[in-house]
Amino acid sequence: MREIDRLTSERYGIPSLVLMENAASAVVRVIVSAFSSEAANKKALVLCGRGNNGGDGAATARLLAHAGASVSAILFGNIGDAKGDARTNFDALTSLAEGDAESAASSIRFVRCPNDDDARRAVEEQLSPPPDVIVDGLFGTGLTRPLDGVYGEVVRRVNELREHATASPLVVAIDIPSGLDSDNAEAIGAAIQADITITMTAPKRANVLPPASNYNGRLVVADIGSPRELISE
């Protein structure tokens with residue numbers, strides 16, 4: 001999939017940042033549709049890793065705020081740890097969150113967590129009471145080993161909340177539920193149990209092959225602008 005993204009930019013001149021924005025737009029469309037086309041007054045929590053999946057999450061948080069939702073985004077790390085398109089979207093989210101109170105900034109909070117304890121506190125603060133939707137942008141298609149430390153704890157906490165909360169949140173994964181190896185049909189460890197997964201361009205093995213696919217919930221394959229001939233190739 002990374003090769004498809006690279007060739008989309010090199011051969012067809014579509015910037016990778018545009019692909020990321022298109023991915024976030026697809027996620028927001030699915031979320032808004034799940035709430036009967038009404039995002040206003042909904043509370044959203046977006047969990048962002050430092051890589052491109054987190055960049056998708058940052059763009060999703062920004063677009064959800066523009067759609068009227070009250071959004072909290074948590075970055076597991078420092079913005080300085082991010083690179084490329086992910087860094088661009090974290091910077092944009094920072095500018096929005098710190099902007100004019102009359103803009104979407106009034107409905108968005110962006111928390112950067114340089115250490116695990118900060119991340120634990122930020123997550124617990126946002127889960128009490130539970131939001132209407134949790135967006136999983138922690139890890140994407142590059143994960144090959146089980147989650148541990150704070151990431152494993154957050155995955156288990158989100159799954160527990162989804163399973164046992166009186167008003168359980170809608171859990172939406174970007175591309176692949178965090179904790180899965182996208183190329184592996186077997187679960188490699190604890191993973192987010194999503195209600196909906198929006199995967200980009202084409203499904204990955206863990207999106208469609210059980211038992212890993214059981215974590216995806218309803219699968220939506222989003223066209224983000226990569227030419228179909230690249231996928232065929």
Asker: In terms of side-chain geometry, is the basic nitrogen of Asp91 or Arg87 positioned less than 4.0 Å from the acidic oxygen of its partner?
Answerer: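 Between Arg87 and Asp91 there is a salt bridge, with a charged N closer than 4.0 Å to a carboxylate O.
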Asker: Can you classify the ring geometry of Phe110 versus Phe90 as parallel (below 30°), tilted (30 to 60°) or perpendicular (above 60°)?
Answerer: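 Correct class here is parallel.
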Asker: Under the side-chain hydrogen bond (donor to acceptor under 3.5 Å, both in side chains) test, which residues partner Gln193, sequence neighbours left out?
Answerer: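 Scan of Gln193 (side-chain hydrogen bond (donor to acceptor under 3.5 Å, both in side chains), adjacent residues dropped) gives none.
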Asker: Please name the pair of heavy atoms, one in Ala202 and one in Met1, separated by the smallest distance, quoted to 0.1 Å.
Answerer: O-CE, 3.8 Å
Asker: Do Ser9 and Ser16 have side-chain atoms, one donor and one acceptor, less than 3.5 Å apart?
Answerer: no
Asker: Would you mind checking if Glu3 and Arg11 are paired as a salt bridge, meaning a charged N to carboxylate O distance below 4.0 Å?
Answerer: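 A salt bridge is absent here (no side-chain N lies under 4.0 Å from a carboxylate O).
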Asker: Using the rule given for side chain to side chain contact (heavy atoms under 4.5 Å, CB included), can you reason through Phe35 versus Val133, listing the C-alpha separation, both sets of side-chain angles and the distance that settles it, and then say yes or no?
Answerer: CA-CA 10 Å; Phe35 290 116; Val133 57; 4.0 Å; yes
Asker: Would you indicate whether Arg157, at its atom CZ, is surrounded by more than 12 heavy atoms from other residues, nucleotides or ligands within a distance under 6.0 Å?
Answerer: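 Result for CZ/Arg157: enclosed.
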Asker: Going by distance alone, is a donor N or O of one side chain under 3.5 Å from an acceptor N or O of the other, for Asn184 and Arg205?
Answerer: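 No, Arg205 and Asn184 have no side-chain donor paired with an acceptor closer than 3.5 Å.
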Asker: Is any side-chain heavy atom of Thr201 closer than 4.5 Å to one of Ile224?
Answerer: yes
Asker: I would like to know whether Asp195 and Arg162 meet salt bridge (Lys or Arg N to Asp or Glu O under 4.0 Å); could you show each step before the answer?
Answerer: CA-CA 9 Å; Asp195 295 298; Arg162 177 183 174 276; 2.9 Å; yes
Asker: Under 3.5 Å, is there a donor on one side chain and an acceptor on the other for Lys204 and Thr199?
Answerer: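 Looking only at side-chain atoms, Thr199 and Lys204 do form a donor-acceptor pair, the distance falling under 3.5 Å.
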Asker: Is it true that Glu98 and Arg109 make a salt bridge, defined as a side-chain N closer than 4.0 Å to a carboxylate O?
Answerer: no
Asker: Please walk me through it: do Ile79 and Thr94 pass side chain to side chain contact (heavy atoms under 4.5 Å, CB included)?
Answerer: CA-CA 9 Å; Ile79 292 179; Thr94 299; 3.1 Å; yes
Asker: May I ask you to test the Pro177-Tyr215 pair for a side-chain heavy-atom distance under 4.5 Å?
Answerer: yes
Asker: Would Arg62 and Glu21 count as a side chain to side chain contact (heavy atoms under 4.5 Å, CB included) here? Give the steps.
Answerer: CA-CA 10 Å; Arg62 172 169 46 82; Glu21 189 75 5; 2.8 Å; yes
Asker: I'd like to know if Arg2 and Asp5 make a salt bridge, using a cut-off of under 4.0 Å between side-chain N and carboxylate O.
Answerer: no
Asker: Among Ile74, Leu75, Asp81, which residue meets the side chain to side chain contact (heavy atoms under 4.5 Å, CB included) test with Arg112?
Answerer: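 Going through Ile74, Leu75, Asp81 one by one, the side chain to side chain contact (heavy atoms under 4.5 Å, CB included) with Arg112 is satisfied by Leu75 alone.
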Asker: Which heavy-atom pair separates Ala86 from Gly51 by the least distance, and what is that distance?
Answerer: CB-O, 3.4 Å
Asker: Is the closest side-chain heavy-atom distance between Asp118 and Asn115 below 4.5 Å?
Answerer: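 The answer is yes; the side chains approach within 4.5 Å.
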Asker: Only one of Asp175, Asn216, Thr197, Thr141 clears side chain to side chain donor-acceptor pair (under 3.5 Å) with Asn207; which?
Answerer: Asn216
Asker: Please determine which of Val154, Val171, Leu147 meets the side chain to side chain contact (heavy atoms under 4.5 Å, CB included) test together with Ile192.
Answerer: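 When side chain to side chain contact (heavy atoms under 4.5 Å, CB included) is applied between Ile192 and each of Val154, Val171, Leu147, only Val171 qualifies.
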Asker: For residues Leu93 and Ala73, report the shortest heavy-atom separation together with the two atoms involved.
Answerer: CD2-CB, 3.8 Å
Asker: Mind checking whether Leu47 and Leu45 have side chains closer than 4.5 Å, heavy atoms only?
Answerer: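 The answer is yes; the side chains approach within 4.5 Å.
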Asker: So, for Ile198 and Ala26, which heavy atoms are closest and what is the spacing to 0.1 Å?
Answerer: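 So the two residues come closest at CG2-CB, 4.4 Å.
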Asker: Nearest 0.5 angstrom please: Arg6 CZ to Glu10 CD, how far?
Answerer: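 Answer for the CZ-CD pair, Arg6 versus Glu10, is 4.0 Å.
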Asker: For the pair Val27 and Asp56, evaluate side chain to side chain contact (heavy atoms under 4.5 Å, CB included) and give the outcome as yes or no after the intermediate values.
Answerer: CA-CA 9 Å; Val27 174; Asp56 290 340; over 6 Å; no
